[in-house]
Amino acid sequence: GQDDARVAGGIVVELIKSKRMAGRAILLAGPPGTGKTATALGIAKELGPKVPFCPMVGSEVYSAEVKKTEVLMENFRRAIGLRIKEVKEGYEGEVVELRVEETENPLGGYG
């Protein structure tokens, strides 16, 4: 497995350096522990410092909290170095007094 992956990684590097490979990303898929991350890191380092290495974990993509397309787009943005800036408002000041006011609970304390 590892030897075949290293040979394939070398072929990919040769194709990219000779400009015979189209595309801007490589997707390595397979079961855990098969050396996908190590192979990708080796390819990125071999291609030079301008080639980004952005590893992804399957649990990020298949998370119930975030859409799959959002995760993929964020990783592509990270790969090309795109930063999206958001405008946020901030308030400055000094808190001069805090006062607690208790009101009667309409539920009688059960709720």
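Looking at Met21 and Val12, their side chains come closer than 4.5 Å, going by heavy atoms from C-beta outward. For the pair Glu89/Tyr91, a side-chain contact is recorded, criterion being any heavy-atom separation below 4.5 Å from C-beta on. Counting only heavy atoms from C-beta outward, the side chains of Glu74 and Val66 never approach each other to under 4.5 Å.
Residue Asn75 comes nearest to Pro55 through the heavy atom pair OD1-O, 4.0 Å, listed as atom of the first residue, atom of the second, then distance.
Side-chain N or O atoms of Thr34 include none that pairs as donor or acceptor with a backbone N or O of Gly30 at under 3.5 Å. Remark: side-chain polar atoms of Lys36 are not paired, donor with acceptor, to backbone N or O of Leu27 under 3.5 angstrom.
Remark: Glu70 pairs with no residue by the salt bridge (Lys or Arg N to Asp or Glu O under 4.0 Å) rule, at least two apart or across chains. The side-chain contact (heavy atoms from CB on, under 4.5 Å) test applied to Leu41 returns Lys45, Phe53, not counting sequence neighbours.
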Intermediate values then yes/no, side chain to side chain contact (heavy atoms under 4.5 Å, CB included), Thr39 and Arg6 = CA-CA 7 Å; Thr39 302; Arg6 288 181 184 175; 5.8 Å; no
inquiry  = Test side chain to side chain contact (heavy atoms under 4.5 Å, CB included) on Leu72 and Met56; report intermediate values, then the result.
reply    = CA-CA 9 Å; Leu72 293 173; Met56 288 177 56; 3.5 Å; yes
Full working for side chain to side chain contact (heavy atoms under 4.5 Å, CB included) between Leu28 and Ile26 = CA-CA 6 Å; Leu28 302 176; Ile26 299 172; 3.9 Å; yes
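The pair Arg20-Glu14 fails the salt-bridge criterion, with no side-chain N (NZ, NE, NH1 or NH2) lying under 4.0 Å from an Asp/Glu carboxylate O.
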